[in-house]
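Step one of this worksheet: look at the structure below.
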Amino acid sequence: KPVAFFSGSLSTRIPQGQCCWDHLYEQIPPVHSWGMEYYFAPLKSRESDRYRILAAYDNTTVHISGRPSVVLNKGEFHEMVSRHNEPRRVLADKPVLAAQFSQSRDVDPEFTGGDGDPFMIILSPVNQSRSDVTFVAYESPDIGFEGYEGITKYFVNIIAPTPDTGKIRVNDEPVEGHFIPFPAGNYSYAQVEIDAGTHRINTTDPDAGFLSYVYGFGGVESYGYGVGFNLDLTLDLGESIFFTGDTLLLCYGDTLTLDAGPYFDSYLWDNGRDSQLRTVYEQGWYRVKTTTNDGCILEDSVFVYLSRPETNLDTEYEEGCHPYQIQLSADAGYHAYIWQDETGDTLSLLQDYTASETGIYSV
């Protein structure tokens with residue numbers, strides 16, 4: 001029968017230091033609810049935040065805006081630090097889990113004013129958004145430790161599609177002027193200061209959505225948790241890290257496997273195939289319909305773009321004998337080059353190749 005799983009660590013410093021540790025503890029969402037697109041919004045009043053990205057499958061490529069891409073295998077994670085003025089978009093080609101960590105207060109005591117022990121928030125992908133949430137910014141009284149006060153500053157981060165920011169209300173008040181666009185993608189974020197107590201965030205358009213996280217700092221105390229997400233089954237055939245929208249890249253001569261996920265009881269592709277996986281060779285739209293025995297019906301589609309770069313080489317050269325050489329040049333502007341002979345052996349990975357023997361050369 002259904003269970004919930006919690007994981008964490010007791011008395012942990014982030015990342016290290018002489019003081020400032022706390023209990024990190026979160027419910028871990030099931031893999032079927034992990035996502036491929038996340039947005040990292042900085043925590044208000046912190047100089048920088050720490051993040052981890054965890055892979056569920058081997059050979060998971062993760063593109064992070066403003067940073068190099070990384071490749072992770074199942075169970076591996078990538079850890080990174082971003083400053084308060086460095087919001088980031090994360091796009092993976094397979095489901096990943098992301099966590100945000102508020103660091104120990106002695107990591108940046110001047111920026112924070114010495115407030116706040118560490119905490120951990122499990123972040124939600126964009127496909128887990130909600131349109132109406134009610135939450136509590138919990139009060140924490142003075143604990144009488146070294147004269148430090150309890151929680152004194154409360155904030156909520158809101159992440160939403162940029163065109164929908166004007167529809168969002170916090171306690172019935174618009175917050176459109178608070179939003180800052182992410183440097184990549186079509187989302188923006190707002191850091192809204194609030195008071196302790198009960199609050200509501202909603203949109204005037206029930207078809208629009210957002211993600212939100214509440215957190216607070218004060219003395220040697222802090223906390224944070226997600227308040228705007230759901231864990232419904234999702235069907236997402238994905239997008240390439242090189243494109244915006246539901247588009248996957250297929251290189252000429254290769255094959256691409258579309259995966260509808262293992263969470264459904266039946267599958268129906270537009271070509272009549274009834275399996276979870278489908279291998280494609282050509283450019284075009286591909287669609288799938290999935291169902292569960294409990295009555296869940298989901299549909300998704302993706303466009304496969306076939307990349308077939310062409311370069312113009314003279315078909316034949318008849319000049320000279322050895323040691324005569326011919327300089328072969330491929331067109332500029334491509335990401336990578338592979339020169340091969342008629343047997344398929346690789347000769348060079350540069351844009352140009354010098355041929356010194358009779359034969360057929362391809363790039």
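Computed over heavy atoms, backbone and side chain alike; hydrogens, waters and symmetry mates excluded.
In this structure, CG on D117 lies 6.5 Å from CZ on R105, to the nearest 0.5 angstrom. Atom CG of D106 and atom CD1 of I14 lie 11.5 Å apart (nearest 0.5 Å).
No more than 12 heavy atoms of other residues, nucleotides or ligands sit less than 6.0 Å from atom NZ of K44. E282 CD: 12 or fewer foreign heavy atoms inside a 6.0 Å radius.
Judged purely by distance below 3.5 Å, without hydrogens or angles, the side chains of S48 and Q103 pair a donor atom with an acceptor atom. With no hydrogens or angles considered, no side-chain donor-acceptor pair links N271 and Y286 at under 3.5 Å.
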Donor-acceptor list for residues 177-197 side chains, cut-off 3.5 Å, not counting sequence neighbours:
from	atom 1	to	atom 2	distance (Å)
S188	OG	T162	OG1	2.8
Q191	NE2	P42	O	2.7

Counting only pairs under 3.5 Å, give me each side-chain donor-acceptor contact of residues 257-264, with atom names and distances, residues two or more places apart or in other chains.
from	atom 1	to	atom 2	distance (Å)
D259	OD1	G261	N	2.8
D259	OD1	Q276	NE2	2.8
Y263	OH	Y57	OH	3.4

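Under the side chain to side chain donor-acceptor pair (under 3.5 Å) criterion, S362 pairs with no residue at all, not counting sequence neighbours. In terms of the salt bridge (Lys or Arg N to Asp or Glu O under 4.0 Å) criterion, residue partners of R200 (sequence neighbours excluded) are, by chain and number, D132. Among residues two or more places apart in sequence or in another chain, the ring pair (Phe, Tyr, Trp, His ring centres under 6.0 Å) test is passed with Y337 by none. Every residue meeting the side-chain contact (heavy atoms from CB on, under 4.5 Å) condition with T255, not counting sequence neighbours, appears here in chain and number order: T279, Y281. For L349, the side-chain contact (heavy atoms from CB on, under 4.5 Å) test picks out I338, T346, with sequence neighbours left out. The side chain to side chain donor-acceptor pair (under 3.5 Å) check on S301 picks up nothing, with sequence neighbours excluded. Residues forming a side-chain contact (heavy atoms from CB on, under 4.5 Å) with L347 (at least two apart in sequence, or on another chain): W339, D341, Y353, Y361.
A distance-only check finds a donor-acceptor pair linking the side chain of W34 to the backbone of P29 [under 3.5 Å]. Using a distance-only test at 3.5 Å, with no hydrogens or angles considered, no donor-acceptor pair links the side chain of S11 to the main chain of W21. Although no hydrogens or angles enter the test, the distance criterion places a donor-acceptor pair under 3.5 Å between the side chain of Q351 and the main chain of A330.
Residue M120 is not grouped with residue F6 when hydrophobic side chains (ILVMFWY) are merged at heavy-atom distances under 4.5 angstrom, including chains of intermediate members. Connection of I121 to I159 is established within a shared hydrophobic cluster, with ILVMFWY side chains joined at heavy-atom distances below 4.5 Å, either directly or through further cluster members.
I64 places a side-chain heavy atom less than 4.5 Å from the side chain of V62.
Counting only residues at least two apart or on different chains, the side chain to side chain donor-acceptor pair (under 3.5 Å) pairs with a member in residues 70-86 are E47-R83, R50-E79, R52-E79, S82-R88, E86-R88. Evaluation of the salt bridge (Lys or Arg N to Asp or Glu O under 4.0 Å) test over residues 240-250, restricted to residues two or more places apart or in two chains, returns none. Screening residues 157-173 for salt bridge (Lys or Arg N to Asp or Glu O under 4.0 Å), with sequence neighbours left out, gives D164-K167, K167-D205.
Of all non-hydrogen atoms in S124 and L211, the two that sit nearest each other are O-CD1, 3.2 Å. The minimum heavy-atom distance between F210 and I158, with the atom names listed, is CB-CG2, 4.1 Å. Residues K94 and N59 share a closest heavy-atom pair of NZ-O, 2.8 Å. Taking both residues in full, the closest heavy atoms of W269 and L277 are given as NE1-O, 4.2 Å, listed atom of the first, atom of the second, then distance. Heavy-atom minimum distance, P95 versus M36: N-CG, 3.7 Å.
Side-chain rings of Y213 and Y225 stay apart, their centers remaining 6.0 Å or farther from each other.
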